[in-house]
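Indexing begins at 1, ligand by ligand and atom by atom, following the structure's order. Please read these numbers as outputs of a predicted model, since none were measured by experiment.
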Amino acid sequence: MNKLSRFMFALLATSAFAIGITIFLTHAWTLLARGQSTNRPWMDKTLSPDRRADLVLKEMTLNEKMEFVHGNGMPGWGKPRPNAYLGNGGAGFVLGVPRLGIPMIQMSDAAYGVRSSAENGRYSTALPSNIASAASWDVEAACAYGTLIGRELRAQGYNMTLGGGVNLTREPRNGRTFEYMGEDPILAGTLVGNRMKCEQSQHVLGDIKHYALNDQESGRNEVNVIVSKRAMRESDLLAFQIGITIGEPGAVMCSYNAVNGDFACENKYLLTEVLKKDWNFKGFVVSDWGGTHSVEKASAAGLDNEEPEDLFFGEKLKQGVQSGKVPMAELDDHVRRVLRSEFASGIVDDPVKKSVVDVEGGLETSRHLAEQSTVLLKNDQGILPLDRAKLRSIAVIGPNANSSMISGGGSAQVDPPGRSAPQWKEHVWFPTSPLKAIAAKVPGVTVEFDSGADKASAAALAKKSDVAIVFGYQWTSEDFDLPSLSLPDNQDTLIEQVAAANPRTIVVLETGSAATMPWLNQVGGVLEAWYAGSKGADAVANILFGDVNPSAKLPMTFPRNEADLPHPQLLTPPPRTPGTRNGEAKPTFEVHYDEGLKVGYKWYDAENKTVLFPFGYGLSYTTFSYSGLRVVAGSETTVSFTVKNTGSRAGAEIAQVYAALPASAGEPPKRLVGWDKVHLSAGESKEVSMQVKPLYLSVYDETSESWKLMPGSYTFSVGGSSQNLQLVQKIALK
Ligand code: BGC
């Protein structure tokens, strides 16, 4: 063999060897993988999520378990951690166990749409704010809301939502009122539960927050809320209870504040006794960001996962377990709960695949939901809908009404397309132009704009126009409360001057909560559009011109002024105590919710206070009548009645049922116990029938720590708002 032949032979032999090795390794890997998958009984979808979680847990090392009880940082929060590159740009993430096929949990805020899209170069639809969606009183709309957000989360690479805010509106100046579902626990809980059910059906892990009684932002990290067990169980906690029962979210976020002495994230009563034992919640408790304050106390109280870092549930918790101060069974319970939610939500079986967000589909849904959420509050002499045939000129007045509509801020913020990430507490206007949407409805009509910066010029434009439409706004955000319910920047004076120049003035409000309206008697019409989302302007224009008949009703009372609130003076903290957040501090001030059970309309009813617009109120372009109430006792109480559309066009009526409990119950005058949204063509009647659950008629008895239906006489009343109840029937319940 010459040199070349020897070389060729060696080359061939080496190649053959390499190929052989490769074939062997591939084969071995296949065998291993096959072996592993048959060794992974938890991948059997026919097993229950509990069983699957147990099976995984048995295989896990202590270090692997520790990964499940804390986050790995958030962009912009503290120092980036070494594994920050594994995050998806959201508020937090939890490492999985690749060797066991358990994926990472990638979380994103998603109150009214997916957050942080600008920073991540993505796109998200902004839906109408949560308070707006509550104004639809519509479980199907709540479902569409959740479905859209679930879909967009997954498209952007997230498998867990941090949406689902359901704190009750005890304090309408709360800067996060727009993120919640109003003041009634049954309405709020039902809607958030349906939203969450549908969001999770997209295979994202759901979350309901902020548990509990985080009902104001002022001093949220330092406040100790003092409230009786009965009052909390029948108000704020009932909203969570109903939401959790319907939606079965994978997680509950404990809040920043303390309740009756203990921070919510280390509050045994809230987390273990009520949530996990009484309500049998099977998912995990995640702390609000920086809301963890201890290791042993928090772990024993029932906190399962610290976010966004591991100040307490990292090395310190591990040492606690190793030293025996924290039982291994307690750590196992935390981990099992996280695993269970991963299986139950489908994120293990159906891993996230990124895709392009359906922009057109999202805009369509957003507009449709906004139309169902916009409340017609005043309509004098049928000024609305606007009659295209009779109009020659329209004045559109108000800050940015030529270009955009305001959105709610904080961690709920959705970023508008075409611009960079906003700063914290920046007023963010969405590019949905009222001026253009109105002009598009009336080709040939003169539609002129004035920002209102110069009130005299705005009034002059109103005077020469057939009708003036003023867009007023109130921006609100997480992390602060409103000083008052008045529109800021002298907008009240602007509206007064415009209305003085032309009484055919219509005010469209873009607010996140109730607003006071000193000009109400001077204007012809008022629409509450809330924060109306990506397609708000089109929705408002459709209602103004009658292409859509409004059907929404207020999910919260609009009081006449702050003096009528349970706490006329907002309760604020003493000068900030450094270190409460992320520290083992004690709360520094108390808020006494001594209005107790009297939240929202229950307060105004009980105190005989007149309101500006009551809970459940909202007008339509048609009219409805009610008749034939029948209430029948049974295991559930059946309430039936007939609603008739007595006007000349199709519309939907949100028919409401309230119950007054026997006097011995010691309750406020009445509570909402049911409703139905009835779609009727002109002249049509429908019989409505609904079942009222015993829970909705019960009171919480502190002595026996249980719900009780008090025997006695119950008065059921039915109608179109909490203060317009035409039908009444009494029945005895045993
Ligand atoms: C908010 C939560 C939010 C979290 C993560 C907190 O400041 O209270 O609602 O989910 O931040 O962004």
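- Contact atoms of ligand 1 toward M253: 10 (O) (distance under 4.0 Å to a heavy atom of the residue).
- Contacts between K209 and ligand 1 below 4.0 angstrom, taking non-hydrogen atoms only, involve the side chain exclusively.
- For W475 and F480, the ring centers sit closer than 6.0 Å to each other.
- Looking at D207, D288, N214, it is D288 that brings a heavy atom closest to atom 1 (C) of ligand 1.
- Atom CD of E426 has more than 12 heavy atoms from other residues, nucleotides or ligands within 6.0 Å.
- The closest non-hydrogen atom to atom 3 (C) of ligand 1, taken over N221, D109, L162, comes from D109.
- A donor atom on one side chain and an acceptor atom on the other are found under 3.5 Å apart for N72 and N83.
- Less than 4.0 angstrom separates some heavy atom of R220 from each of these atoms of ligand 1: 7 (O), 8 (O).
- Ring geometry for F263 versus H293: interplanar angle under 30°, hence parallel rather than tilted (30 to 60°).
- Within the model, atoms CD1 of I105 and CE of M160 stand 6.5 Å from one another, a figure rounded to the nearest 0.5 Å.
- The distance between the ring centers of F615 and W137 falls below 6.0 angstrom.
- Within the structure, ligand 1 has E478 among the residues with a heavy atom less than 4.0 angstrom away.
- At under 3.5 Å, a nitrogen or oxygen of R115, whether backbone or side chain, sits near a nitrogen or oxygen of ligand 1.
- Counting heavy atoms closer than 4.0 Å to ligand 1, residue E217 contributes nothing at all.
- Using a non-hydrogen distance threshold of 4.0 Å, H210 registers as a contact of ligand 1.
- Aromatic ring centres of Y473 and W429: separated by under 6.0 Å.
- Close approach of ligand 1 to R176 is summarised as follows: ligand atoms under 4.0 Å from at least one heavy atom of the residue are 1 (C), 2 (C), 8 (O), 9 (O).
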